[in-house]
> 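This structure is in structure tokens; I'll ask about it shortly.
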Amino acid sequence: MANPKLLGLELSEAETMGADSAQFEELLLQASKELQQAQTTRPESTQIQPQPGFCIKTNSSEGKVFINICHSLSIPPPADVTEEELLQMLEEDQAGFRIPMSLGEPHAELDARGQGCTAYDVAVNSDFYRRMQNSDFLRELVITIAREGLEDKYNLQLNPEWRMMKNRPFMGSISQQNIRSQQRPRIQELGDLYTPAPGRAESGPEKPHLNLWLEAPDLLLAEIDLPKLDGALGLSLEIGENRLVMGGPQQLYHLDAYIPLQINSDESKAAFHRKRKQLMVAMPLLPVPS
């Protein structure tokens with residue numbers, strides 16, 4: 001049954017599912033079982049002690065803000081791509097590149113003049129940090145992603161202008177952080193498994209890129225890239241127990257994805273991320289009958 005709060009489009013007739021779909025269903029269910037086993041046999045998080053790197057200074061409406069860029073070998077590195085490949089991905093507005101990082105809690109500190117300020121610790125992989133030291137491009141990219149991540153996580157508005165502290169690798173003290181004991185399993189993207197329905201015109205709505213993963217054994221998350229939109233106005237979304245259907249304004253986009261898991265559509269939520277131009281969907285999963 002669809003969630004009335006998200007209802008926007010009626011489900012189209014079921015697409016013919018081939019061998020790829022069956023493979024994906026098996027992969028997804030296996031990942032879910034592995035996550036459930038990991039949750040009962042391993043701690044969900046582990047403590048790390050990031051090492052200092054460099055510190056930048058910026059500000060918010062509440063005063064001065066310092067961001068300590070740290071590093072740890074316990075944090076997974078990003079995909080190994082060249083700067084040229086990464087630049088091309090960014091220019092083409094591809095959202096597939098991720099830099100894993102741990103965003104620490106805010107801590108109150110005193111600056112050199114004895115005035116109150118707020119500091120945040122952001123940790124990346126140590127090997128990637130060493131590579132970043134020799135690249136202004138990577139360093140500025142990490143700072144931008146860290147700033148946007150802190151804004152999202154703590155509902156901040158940070159000044160995009162910043163200054164690097166020359167003789168101060170960190171502000172205050174760098175605290176231990178909790179990170180996932182095991183990197184969340186990325187699930188094969190649904191966009192690679194579906195073909196347009198027969199008879200659909202090539203000039204019809206564009207099928208957006210869909211990224212899907214299990215955040216926890218009972219929570220499925222989705223990111224839908226919508227680079228032509230600036231907001232959620234005109235978007236329609238329907239979530240059934242194993243289906244996600246989205247339509248864009250003026251027929252710009254259409255997505256009809258079968259998801260081989262039982263979704264709790266009543267508790268599902270969606271939000272449009274204006275900076276990333278993405279529709280983000282959180283879908284709790286129903287318990288699997290034993």
> Could you tell me whether Arg276 and Glu148 make a salt bridge, using a distance below 4.0 angstrom between a side-chain N and a carboxylate O?
no
> To check you understand the geometry: which heavy-atom pair defines the closest contact between Pro52 and His71, and what is its length?
O-NE2, 3.6 Å
> Grab the two heavy atoms, one from Ile259 and one from Leu220, that are nearest each other, plus how far apart they are.
CG2-CD2, 3.7 Å
> Between Asp127 and Leu73, is any pair of side-chain heavy atoms under 4.5 Å apart?
yes
> Using the rule side chain to side chain contact (heavy atoms under 4.5 Å, CB included), only one of Leu229, Ile224, Asp230 pairs with Phe272; which is it?
Leu229
> Is it true that, when you exclude Gln250 itself, more than 12 heavy atoms of the residues, nucleotides or ligands shown sit nearer than 6.0 Å to its CD?
no
> Over all heavy atoms of both residues, which pair between Asn68 and Cys55 is shortest? Give the atoms and the distance, please.
OD1-SG, 3.4 Å
> Does a side chain donor of either Ser135 or Glu83 reach within less than 3.5 Å of an acceptor in the other side chain?
yes
> Just wondering, are more than 12 heavy atoms of other shown residues or ligands nearer than 6.0 Å to CD in Gln251?
no
> Just wondering, do Trp162 and Phe66 contact through their side chains at under 4.5 Å, heavy atoms?
no
> Is there a donor-acceptor pair closer than 3.5 Å between any side-chain N or O of Lys269 and the backbone N or O of Val281?
no
> Should Asp111 and Lys57 count as an ion pair when the cut-off is N to O under 4.0 Å?
no
> Quick one: closest heavy-atom pair of Leu110 and Arg168, and the distance?
O-NH2, 4.4 Å
> Could you pull out the closest heavy-atom pair between Asn159 and Thr58, with the gap in Å?
O-OG1, 2.8 Å
> Checking Gln157 against Ser61 for the side-chain hydrogen bond (donor to acceptor under 3.5 Å, both in side chains) test, could you report, in this order, the C-alpha distance in whole Å, the side-chain angles of both residues, the deciding distance, and whether it holds?
CA-CA 7 Å; Gln157 186 63 50; Ser61 59; over 6 Å; no
> Can you tell me how the ring of Tyr120 sits relative to the ring of Tyr154, calling it parallel under 30°, perpendicular over 60° and tilted otherwise?
tilted
> Is it true that, when you exclude Glu161 itself, more than 12 heavy atoms of the residues, nucleotides or ligands shown sit nearer than 6.0 Å to its CD?
no
> Give a yes or no on whether Lys275 atom NZ has more than 12 heavy-atom contacts from other residues, nucleotides or ligands under 6.0 Å away.
yes
> Check whether any side-chain heavy atom of Met283 sits under 4.5 Å from a side-chain heavy atom of Ile239, and report yes or no.
yes
> Could you measure the distance from the CG atom of Leu138 to the CD1 atom of Ile99? Nearest 0.5 Å is fine.
7.0 Å
> Answer with yes or no whether the side chains of His107 and Glu109 bring together a donor and an acceptor at under 3.5 Å.
yes
> State, to 0.1 Å, how close Pro227 and Lys277 come at their nearest heavy-atom pair, and which atoms those are.
O-CD, 3.3 Å
> Look only at the side chain of Gln51 and the backbone of Gln49, and say whether a donor-acceptor pair between them is shorter than 3.5 Å.
yes
> Side chains of Ser74 and Ile48: does their closest heavy-atom pair fall under 4.5 Å?
yes
> Less than 4.5 Å apart, side chain to side chain, heavy atoms only: is that true for Asn125 and Ser72?
no
> With a 4.5 Å heavy-atom cut-off, do Ile67 and Ile143 have their side chains touching?
no
